[in-house]
Amino acid sequence: EYGGLNLFTIVQSVMLALTLSGFIYWSYKKGIHKLIIFLEILIAAICPLYPFYGISLWKDTIFSIVIFIFSVFLYHLFEKKQEDISNTNLLLYGILTALIIFLRNNGIYIAIFCSVMLCLLCLKNSRVIGKKIGILSFVIVAVSCIIQGPVYDKCGYNIDTSTESLGIPLQQVAYIYTTDGRVNAEELEVLDNLLPLENWKSLYDPIVVDYIKFDPSFNKAYLEENSGEFFKVHLSMIAKNPVKAVKGYLLQTMGFWDIFKSSPTAYICNAHFGNVEYFMSDYFDYYFDICFRDYVEPRVYISSAVFVWLMLGSLFICLSKRNYRGVVCILPTLGLWLSIMIAVPVAFSFRYVYSLFLCVPLYIMVSIKSFQKYLG
């Protein structure tokens with residue numbers, strides 16, 4: 001069992017190292033200034049957010065690596081004007097899209113978003129590329145929906161799917177009810193069927209839905225079977241309490257838009273979650289009597305929103321300078337952020353947007369290239 005964990009850690013760490021070194025080499029081949037490349041190497045060498053995610057047993061590291069590779073691949077693919085796309089590039093596009101879909105629950109929404117936006121951009125310049133990408137994307141998404149829908153249902157994998165995707169609506173109705181918003185008898189009945197009314201105020205936390213959805217008194221089966229009725233109540237309560245609904249939404253997503261708010265929650269993986277029998281080992285402490293963890297563990301937690309605004313700033317620069325190739329490579333992380341802002345279960349979780357952190361050098365590169373023709 002420990003051998004499997006050790007092997008996974010080694011493979012994942014090697015994948016991350018190869019990804020970073022591959023990007024640095026790619027930057028060199030693209031003619032990026034040597035000083036910038038040196039800074040990339042220096043940051044990759046000393047920033048602890050790389051090794052911490054290399055050894056984390058979260059699925060987010062591999063997912064983020066794939067998003068990063070896909071972003072670089074899209075920039076490389078559309079760097080030069082072309083009328084057609086090679087079969088090799090189509091194959092790579094298909095593999096990366098499929099990996100994004102199956103490595104995380106919101107991956108299919110990211111894939112759909114990227115596919116639609118790419119088709120729109122391609123149709124403007126090359127109908128052949130747009131048509132091929134559109135057909136391939138449709139096939140991949142359709143097959144994925146079949147696998148993740150009926151096939152997963154038959155295998156018993158789709159458990160509590162409504163609960164997982166309705167974190168923000170649950171938080172909004174909870175905020176409205178617990179702050180004495182306008183709620184009628186019919187809405188109260190639905191809320192009571194989900195969770196006894198007396199428990200809503202004691203369980204509601206403005207930044208995390210887990211206390212509600214994991215409470216033994218929360219009726220997950222009712223939500224699964226009556227999600228349509230819940231949506232009607234949700235929309236009705238929003239219509240009568242728009243200000244409270246917005247406040248509930250902003251509280252639930254604050255870590256992904258407010259650069260002044262941060263948290264250690266899901267920032268790095270340095271402790272066990274729940275009742276896990278495996279023990280954690282610090283081999284530096286064991287062999288050399290040096291607690292390496294004390295040197296690298298974060299003391300200041302950077303807000304996820306910092307990287308979100310870096311992404312949005314780069315997107316604005318690329319759009320304003322009509323650098324559409326730069327826009328293309330930002331689409332995967334933009335789709336990721338949008339999907340999180342729609343259905344995030346917790347206000348602070350750096351691991352959800354770790355790919356934005358990996359993409360920062362790419363954002364800087366496309367932003368600089370947007371100004372190249374004005375700099376001579």
Side-chain angles (χ1 to χ4, degrees), residues 59 101-102 104-110 112 144-242 244-256 265-266 273-274 338-349 352:
K59 61 183 178 182
I101 291 173
F102 285 99
R104 190 188 276 176
N105 292 336
N106 62 335
I108 193 163
Y109 306 110
I110 300 169
I112 293 172
S144 300
C145 286
I146 293 171
I147 294 173
Q148 294 184 342
V151 175
Y152 278 12
D153 284 339
K154 190 172 182 179
C155 296
Y157 295 153
N158 289 333
I159 302 173
D160 301 333
T161 52
S162 293
T163 307
E164 288 296 318
S165 61
L166 296 178
I168 288 178
L170 282 170
Q171 288 291 82
Q172 285 181 302
V173 299
Y175 182 84
I176 291 169
Y177 175 68
T178 58
T179 56
D180 301 319
R182 295 171 57 195
V183 187
N184 62 34
E186 183 182 349
E187 292 160 352
L188 286 174
E189 182 180 356
V190 172
L191 293 183
D192 190 48
N193 287 332
L194 280 173
L195 181 73
L197 291 177
E198 62 271 16
N199 291 355
W200 280 94
K201 290 190 177 182
S202 62
L203 293 174
Y204 172 64
D205 186 308
I207 64 172
V208 60
V209 73
D210 288 358
Y211 298 116
I212 291 175
K213 73 179 187 181
F214 290 135
D215 189 80
S217 62
F218 183 74
N219 195 339
K220 294 180 181 179
Y222 177 84
L223 182 59
E224 292 284 334
E225 296 168 5
N226 300 275
S227 56
E229 184 66 23
F230 172 74
F231 268 120
K232 286 174 58 180
V233 168
H234 172 235
L235 294 174
S236 174
M237 291 176 67
I238 287 178
K240 291 184 293 186
N241 305 271
K244 288 182 180 292
V246 171
K247 286 183 178 179
Y249 173 78
L250 292 177
L251 286 170
Q252 178 63 16
T253 58
M254 73 168 72
F256 304 100
T265 302
F273 178 78
L338 290 174
S339 68
I340 284 173
M341 293 297 285
I342 293 171
V344 70
V346 59
F348 299 98
S349 187
Y352 286 170

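No experiment lies behind these values; they were computed from the predicted model shown.
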Problem set entry | Listed partners of Asp192 passing salt bridge (Lys or Arg N to Asp or Glu O under 4.0 Å), at least two apart | none

For this session: Mind checking the CG-NZ spacing from Leu170 to Lys213? Nearest 0.5 Å is all I need.
Result: 8.5 Å

Exercise. Is any side-chain heavy atom of Gln171 closer than 4.5 Å to a side-chain heavy atom of Leu251?
Worked result: no

Exercise. Is any side-chain heavy atom of Phe230 closer than 4.5 Å to a side-chain heavy atom of Val173?
Worked result: yes

Exercise. Taking side chain as C-beta onward, heavy atoms only, is Lys220 less than 4.5 Å from Phe214?
Worked result: yes

Seminar exercise, completed: One should read off an interatomic distance between Tyr175 OH and Asp205 CG, to the nearest 0.5 angstrom, of 13.0 Å

For this session: Using a 4.5 Å cut-off on heavy atoms from C-beta on, say whether the side chain of Val190 contacts that of Tyr222.
Result: yes

Exercise. Ser236 side chain to Lys232 main-chain N or O, any donor-acceptor pair under 3.5 Å?
Worked result: no

Problem set entry | Rounded distance [0.5 Å steps], CD1 in Ile147 versus CZ in Phe102 | 4.0 Å

For this session: Of all the heavy-atom pairs spanning Gln252 and Val344, show the shortest one and how long it is.
Result: NE2-O, 3.1 Å

For this session: Could you grab the distance from atom CD of Glu189 to atom CG of Leu194, nearest 0.5 Å is fine?
Result: 11.0 Å

For this session: Check the pair Asp180 / Lys244 against salt bridge (charged side-chain N to carboxylate O under 4.0 Å, His left out), numbers first and verdict last.
Result: CA-CA 10 Å; Asp180 301 319; Lys244 288 182 180 292; over 6 Å; no

Problem set entry | Shortest non-hydrogen contact from Ile108 toward Ser144 | CD1-CB, 4.4 Å

Exercise. Does some side-chain heavy atom of Leu188 sit less than 4.5 Å from a side-chain heavy atom of Leu197?
Worked result: yes

Exercise. Okay, side chain of Gln172, backbone of Ala245: is any donor-acceptor separation there less than 3.5 Å?
Worked result: yes

For this session: Evaluate whether atom OH of Tyr204 has more than 12 neighbouring non-hydrogen atoms of other residues, nucleotides or ligands under 6.0 angstrom away.
Result: yes

Problem set entry | Nearest non-hydrogen partners of Ser349 and Ala266, listed with the distance | OG-CB, 3.3 Å

Exercise. In terms of ring plane angle, is the pair Trp200 and Tyr177 parallel, tilted or perpendicular, where the classes change at 30° and 60°?
Worked result: perpendicular

Problem set entry | Side chain to side chain, Ile340 and Asn106, heavy atoms closer than 4.5 Å | yes

Seminar exercise, completed: Smallest heavy-atom separation, Ile168 atom then Ala343 atom, equals CD1-N, 3.8 Å

For this session: Output yes when a side-chain donor or acceptor of Tyr249 lies under 3.5 Å from a complementary backbone atom of Met341, and no otherwise.
Result: yes

For this session: Look only at the side chain of Gln148 and the backbone of Ile101, and say whether a donor-acceptor pair between them is shorter than 3.5 Å.
Result: yes

Exercise. From Tyr211 OH over to Leu203 CG, what is the distance, rounded to the nearest 0.5 angstrom?
Worked result: 10.5 Å

Problem set entry | Spacing of CG belonging to Asn184 relative to CE belonging to Met237, to within rounding of 0.5 Å | 9.0 Å

Exercise. Should we count CD of Glu229 as having more than 12 external heavy atoms under 6.0 Å?
Worked result: yes

Exercise. Among all residues two or more places apart in sequence or in another chain, which pass the salt bridge (Lys or Arg N to Asp or Glu O under 4.0 Å) test with Lys240?
Worked result: Glu187

